[in-house]
Amino acid sequence: MSIHIEAKHGEIADRILLPGDPLRARYIAETYLDNSFQYNSVRGMLGFTGTYKGKRISVQGTGMGIPSISIYVNELIRSYDVKKLIRVGTCGGVRADVHVRDVILAMSSATDSAVNHSLFPNIDYAPTADFALLHEAYRIGSKLKVPLHAGSILSADVFYRDSMDIVKKLGEYGILAVEMETSALYTLAAKYGVQALTILTVSDHIFSDEPDTTAAERQTTFNDMIKIALDTAIA
Ligand code: HPA
């Protein structure tokens, strides 16, 4: 047991999917895993272990934001020996060539969080995906013919801002989309020498008025992302 996860040692697989929403963890376990069981309900942050194509895999909710995901990633690596972590989440599109329902593989993450500046004063540390996972996810996503981007994202500390000007400017410098967790995931994975990747679906666009997608369309895109993540995790 760790402080926020009540699983016994050995109940969590060494590869794991990390949705922000714990109900999505349940959906993934019920839809894609065989023989799954729930190992965590502390604070409602559900976690499950089962098998996918015969390989043992877990799925754990992380909550929203860098402080929340940092708690779960620390405990999964340090207390449960997890070695391969794939975040599956949503993001807001920033660049005009990114559209609602596209899938984004986060190569690296910029952030306005103070966490890495307090770790490395005067250094702009660059949290980066594991290349083998990124390469495999790109291969699998291309085969599925999913609209796919690989590039940099912003892990923001705030969802609601007075002005989006700085986000727009980051887009001009290559940032594809904004979410709230990846810089912490990649930094912790690097610290502990394990593999991490973030895969995102674009749930909304910050600067363009693209028509809303239907719930069914959003579910299809979400399922494409989960298939990429699961097949990458067991590769
Ligand atoms: N901002 C931050 N995180 C997000 C967004 C957003 O617009 N959309 C989905 N996750």
Side-chain angles (χ1 to χ4, degrees), residues 2-5 14-21 42-43 45 60-95 98 104-135 137 149-200 202 206-207:
S2 58
I3 293 175
H4 302 89
I5 303 176
D14 65 357
R15 48 174 92 88
I16 197 161
L17 261 51
L18 301 173
D21 179 351
V42 176
R43 288 178 179 254
M45 207 56 83
Q60 170 69 53
T62 64
M64 291 179 282
I66 283 168
S68 187
I69 193 171
S70 298
I71 287 170
Y72 293 98
V73 168
N74 260 293
E75 293 184 20
L76 289 167
I77 296 171
R78 290 160 57 168
S79 303
Y80 295 98
D81 299 323
V82 176
K83 303 286 187 217
K84 203 181 273 190
L85 302 95
I86 302 183
R87 165 165 152 70
V88 282
T90 57
C91 62
V94 172
R95 286 176 63 92
V98 167
I104 292 183
L105 307 176
M107 286 172 62
S108 64
S109 174
T111 186
D112 56 4
S113 157
V115 173
N116 284 356
H117 270 172
S118 57
L119 254 181
F120 306 115
N122 299 319
I123 300 285
D124 288 321
Y125 177 75
T128 305
D130 177 80
F131 183 72
L133 291 184
L134 179 70
H135 186 265
H149 306 260
S152 294
I153 61 163
L154 172 68
S155 297
D157 246 4
V158 283
F159 190 95
Y160 299 107
R161 304 175 179 263
D162 289 348
S163 162
M164 283 292 172
D165 288 355
I166 198 159
V167 178
K168 194 169 196 57
K169 189 164 177 183
L170 282 165
E172 291 162 13
Y173 283 71
I175 295 293
L176 300 171
V178 54
E179 50 88 90
M180 303 185 76
E181 293 82 16
T182 295
S183 72
L185 170 64
Y186 288 179
T187 300
L188 290 167
K191 173 175 178 179
Y192 291 109
V194 300
Q195 294 178 279
L197 176 67
T198 287
I199 310 179
L200 303 164
V202 181
I206 296 178
F207 300 110

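Keep in mind that what you see is a predicted model, and the values were worked out from it rather than measured. Residues: numbered from 1 along the sequence shown.
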*Quick one: list whatever passes side-chain hydrogen bond (donor to acceptor under 3.5 Å, both in side chains) with D124, sequence neighbours left out.*
H117
*Less than 4.5 Å apart, any side-chain heavy atom of L85 and any of L188?*
no
*Apply side chain to side chain contact (heavy atoms under 4.5 Å, CB included) to the pair T198 and E181, showing each step before the final yes or no.*
CA-CA 9 Å; T198 287; E181 293 82 16; over 6 Å; no
_Between Q60 (side chain only) and V73 (backbone N and O only), is there a donor and an acceptor less than 3.5 Å apart?_
no
*Residues in ring-ring contact (aromatic ring centres under 6.0 Å, His included) with Y125, at least two apart?*
F120
*Can you list the residues that meet the salt bridge (Lys or Arg N to Asp or Glu O under 4.0 Å) rule with R161, with sequence neighbours excluded?*
D112
*By side-chain contact (heavy atoms from CB on, under 4.5 Å), which residues pair with S113, not counting sequence neighbours?*
I66, T111, V115, D157
_pair S79-I5: side-chain heavy atoms closer than 4.5 Å_ = no
*CE/M45 to CG/D21 distance, rounded to the nearest 0.5 angstrom?*
9.0 Å
*Criterion side-chain contact (heavy atoms from CB on, under 4.5 Å) against L76, the qualifying member of D14, L18, V194*: L18
*Only counting residues at least two apart or in another chain, list the ones meeting side-chain contact (heavy atoms from CB on, under 4.5 Å) with K169.*
E172, Y173
*Does the side chain of I199 reach to within under 4.5 Å of the side chain of L105, using non-hydrogen atoms?*
yes
*Would the number of heavy atoms belonging to other residues, nucleotides or ligands and lying under 6.0 Å from NE2 of H4 be above 12?*
yes
*Would you call L185 and T62 a side-chain contact if the rule is heavy atoms closer than 4.5 Å?*
no
*Gap between atom OG1 of T90 and atom CE of M64 - 0.5 Å precision*: 9.5 Å
*Residues which pass salt bridge (Lys or Arg N to Asp or Glu O under 4.0 Å) with R95, listed by chain and number, not counting sequence neighbours*: D97
*Could I get the full list of side-chain hydrogen bond (donor to acceptor under 3.5 Å, both in side chains) partners for S183, not counting sequence neighbours?*
none
_Show every side-chain hydrogen bond (donor to acceptor under 3.5 Å, both in side chains) that has at least one partner inside residues 63-73, sequence neighbours left out._
none
*Quick one: list whatever passes ring-ring contact (aromatic ring centres under 6.0 Å, His included) with F207, sequence neighbours left out.*
none
*What pairs with Q195 under side-chain hydrogen bond (donor to acceptor under 3.5 Å, both in side chains), at least two apart in sequence or on another chain?*
D130
_Holding to side-chain contact (heavy atoms from CB on, under 4.5 Å), I want the full list of residues that pass it with V178, two or more places apart in sequence or in another chain._
V94, L154, A156, I206
*Measure the shortest side-chain to side-chain distance between I153 and C91 over non-hydrogen atoms and say whether it is less than 4.5 angstrom.*
no
*Apply side-chain hydrogen bond (donor to acceptor under 3.5 Å, both in side chains) to E179 and list each qualifying residue two or more places apart in sequence or on a separate chain.*
R87, S155, T182
